[in-house]
J.: 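Take this structure first; my questions come after.
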Number of protein chains: 2
Amino acid sequence: MITIQQLLKTYSTEEVETTALNQISLQVNQGDFMAIMGPSGCGKSTLLNVIGLLDSFDSGSYQFLGQEMHGLKEKDRAQVRKENIGFIFQNFNLIDELNVYENIELPLVYNNIAKKERKERVIAVMERLNIAHRNKHYPQQLSGGQQQRVAVARALVTTPKIILADEPTGNLDSTNGNEVMELLSELNHQGSTILMVTHSSYDASFSNRIVTLKDGNILMEKENQRQ
Amino acid sequence: MITIQQLLKTYSTEEVETTALNQISLQVNQGDFMAIMGPSGCGKSTLLNVIGLLDSFDSGSYQFLGQEMHGLKEKDRAQVRKENIGFIFQNFNLIDELNVYENIELPLVYNNIAKKERKERVIAVMERLNIAHRNKHYPQQLSGGQQQRVAVARALVTTPKIILADEPTGNLDSTNGNEVMELLSELNHQGSTILMVTHSSYDASFSNRIVTLKDGNILMEKENQRQ
Ligand SMILES: Nc1ncnc2c1ncn2[C@@H]1O[C@H](COP(=O)(O)OP(=O)(O)OP(=O)(O)O)[C@@H](O)[C@H]1O
Ligand SMILES: Nc1ncnc2c1ncn2[C@@H]1O[C@H](COP(=O)(O)OP(=O)(O)OP(=O)(O)O)[C@@H](O)[C@H]1O
Ligand SMILES: [Mg+2]
Ligand SMILES: [Mg+2]
């Protein structure tokens, strides 16, 4: 499903050049639930942004569903992304001008889903994540954990082929965090491939593979025995 | 140091009125390190914002350092806040137009600290939190955990009388999170009073009191035996 080879990603500021991903290679198979761990600043969000086609890379190869992504135009990257990927951002990235319902509904609108079905799916995921009572609020009127759950709901409402989750429970108490992990597990059992950045070994226990990064390199990989 | 009695705080949107703090009463003594816990949406950030004089409240009493805060003008609240309170925000609230060094330096500038001393203190806290190598970066050029550490550094650089920390380790791996907790502990031993919202029982173990909220009420309070 995803084959990455010798992928290099650098950032330059006036002062310094940072090698965020140091010619890494990685294979993700359909149906995987992969946890990505490592210290703050080691390249996890960068890896997710490159895989999620939100960011380009300098050199190397990234094949997504059989198609090479290097050199693909922004417009074509956006198309591949909208049709296949659900992204839960580390800083949520909610749209301030839209309320909770409209934020969650947006990917369904992009994918031309009919209004009646959009309503059913938005309501179902809002109830699942316990935020239906806030559906007319705007993001600035929500608690941190409520915003995070809206970001989760929006990424999952299209039941995408691949889910990229960047620290999806960072602002949640254990009950709400567990609910998010249960939902991700279910979607994985139903066929979604999941890559999840996390600092929590509890969250990582839901995965079948754990990849650990350090300074832009893959330090190690291991299989995880799920219950 | 802080005496809160029958404090009521509500939010109104077009659709619904939310009682975020339901006539709560709370006493915080100088030198306390209080953990505030509870489910997502139960009122923790609201409590911190009211205590931190960032938000007004509807009724009840809030005495800070012997002075009643209810009805205080915005200008006077801001003055009390700048002189006494360091705030670590749940969503960081860094200033995009300033780099890391300038973001951390800002409270010292407001407090009229001389340039030479500002430099020493900013460098000391950046090295302590392992972000000195990013001092010329802008917030958008930082990882999530790096942004969080800049927010922590900025709140602590004035060694304030009272530190309000809203989930200060949510985006950090265990090593960096532990470093933040050690630094808060040290400041507490040196005399700072700390109120910390957290979802982590590990973080809460550094406190001497744990207050649990639920639906805008104080559910329970307990002493914590620190090692
Ligand atoms: N500006 C606002 N307008 C309307 N309602 C609000 C506003 N800010 C917060 N609320 C509501 O008040 C309640 C308490 O919010 P608060 O941010 O204090 O929760 P919290 O305990 O910090 O949650 P979390 O753990 O998710 O950060 C929530 O139900 C939230 O939806
Ligand atoms: N736009 C940018 N410009 C310059 N440097 C950047 C930029 N974005 C990220 N970096 C740097 O690249 C490195 C990797 O960042 P990344 O966001 O991938 O880390 P991370 O592993 O997600 O960390 P965290 O756990 O703190 O979220 C960091 O050292 C960061 O400072
Ligand atoms: Mg990150
Ligand atoms: Mg909060």
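Side chains included, hydrogens not; waters and symmetry mates left out as well; all remaining heavy atoms used. Note on naming: letters A, B, ... go to the chains in the order of the sequence lines (proteins, then strands), and numbering restarts at 1 for each one.
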J.: Do any of residues 122-131 of chain B come closer than 4.5 Å to chain A, heavy atom to heavy atom, and if so which ones, in number order?
T.: none
J.: What residue in A/S45, A/P39, A/G38 has the most heavy-atom pairs under 4.5 Å with chain B?
T.: A/P39
J.: Determine yes or no for a side-chain-to-main-chain donor-acceptor pair under 3.5 angstrom, with A/S200 supplying the side chain and A/D203 the backbone.
T.: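 Answer holds: yes.
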J.: Would the distance check show the side chain of B/K9 and the main-chain N or O of B/S56 forming a donor-acceptor pair, the cut-off being under 3.5 Å?
T.: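 The answer is yes, because a donor-acceptor pair under 3.5 Å joins these two groups.
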J.: Without swapping roles, check the side chain of A/N103 against the backbone of A/I95 for a donor-acceptor pair under 3.5 Å.
T.: yes
J.: Is it the side chain or the backbone of A/N176 that comes within 4.5 Å of chain B heavy atoms, both, or neither?
T.: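 Side chain only.
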J.: Is it true that the side chains of A/T169 and A/Y202 contain a donor and an acceptor less than 3.5 Å apart?
T.: no
J.: For chain A, which of B/H137, B/M37, B/Q147 has the most heavy-atom pairs under 4.5 Å?
T.: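 With the most close heavy-atom pairs to chain A, the winner is B/H137.
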J.: Which residue, A/T193, A/N208, A/N188, forms the side chain to side chain donor-acceptor pair (under 3.5 Å) with A/D32?
T.: A/N208
J.: Who wins among A/Q146, A/K44, A/R149 for the most heavy-atom pairs under 4.5 Å with chain B?
T.: A/R149
J.: Within a 6.0 Å radius of atom NZ on B/K82, are there more than 12 heavy atoms belonging to other residues, nucleotides or ligands?
T.: yes
J.: Among A/E14, A/E15, A/Q148, who wins on heavy-atom pairs under 4.5 Å with chain B?
T.: A/E15
J.: Show the numbers, then the answer: is there a side chain to side chain contact (heavy atoms under 4.5 Å, CB included) between B/F64 and B/I85?
T.: CA-CA 11 Å; B/F64 180 64; B/I85 300 174; 4.1 Å; yes
J.: Could you check whether any side-chain N or O of A/S40 sits under 3.5 Å from a backbone N or O of B/D173, counting only pairs where one atom can act as donor and the other as acceptor?
T.: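 Such a contact is absent between A/S40 side chain and B/D173 backbone.
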J.: Has the side chain of B/D58 got a donor or acceptor atom that lies under 3.5 Å from a matching backbone atom of B/T10?
T.: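 Present.
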J.: For A/E167, is it the side chain, the backbone, both or neither that has a heavy atom under 4.5 Å from a heavy atom of chain B?
T.: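 Contact with chain B is through the side chain of A/E167 alone.
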J.: Is chain B contacted by the side chain of A/T18, its backbone, both, or neither, given a heavy-atom distance below 4.5 Å?
T.: side chain
J.: Is chain B contacted by the side chain of A/H133, its backbone, both, or neither, given a heavy-atom distance below 4.5 Å?
T.: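 Neither part.
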J.: Verify the neighbour count for atom NZ of A/K119: are there more than 12 heavy atoms of other residues, nucleotides or ligands below 6.0 Å?
T.: no
